[in-house]
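See structure below.
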Amino acid sequence: DRLEEHLDFNVGVTAPAIITKEYTVGLEDIIKKRVLDEAWDDVMPVQAPKSLKEQYTNVEDINFEKDERGLAGIYEEKFQKEVLNVTGDGKQAESKTCLLYTSDAADD
């Protein structure tokens with residue numbers, strides 16, 4: 001029974017313009033004036049700068065070789081450099097964090 005109830009609600013849509021003779025004449029006058037003024041609204045195509053075109057046309061600059069390491073290896077190396085202070089040769093640089101950790105581990 002509740003689905004059969006009629007609900008009244010307002011819709012936020014503007015009413016379409018009423019086309020009258022005066023409206024049509026006014027619109028034609030605007031069009032005639034623009035033609036006489038040669039006020040065309042032509043769309044001008046946008047051209048990219050040549051440097052961008054050259055950048056994307058040089059295919060030999062793109063490296064299609066697969067890296068030997070996977071994404072996990074890349075993230076692992078980044079983590080080791082930033083957090084653990086491990087250098088490229090695998091040795092850990094001395095830092096305050098390492099010294100504190102080793103002194104705490106020795107106390108246990």
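FYI, the numbering just counts along the sequence from 1.
- K33 is linked by a side-chain hydrogen bond (donor to acceptor under 3.5 Å, both in side chains) to D37, counting only residues two or more places apart in sequence or in another chain.
- The line from OG1 of T24 to CG of D29 is 11.0 Å long, rounded to the nearest 0.5 Å.
- Taking R34 as the reference, D41 meet the side-chain hydrogen bond (donor to acceptor under 3.5 Å, both in side chains) condition, with sequence neighbours excluded.
- Using a 4.0 Å cut-off between charged nitrogen and carboxylate oxygen, R69 and E76 do not count as a salt-bridge pair.
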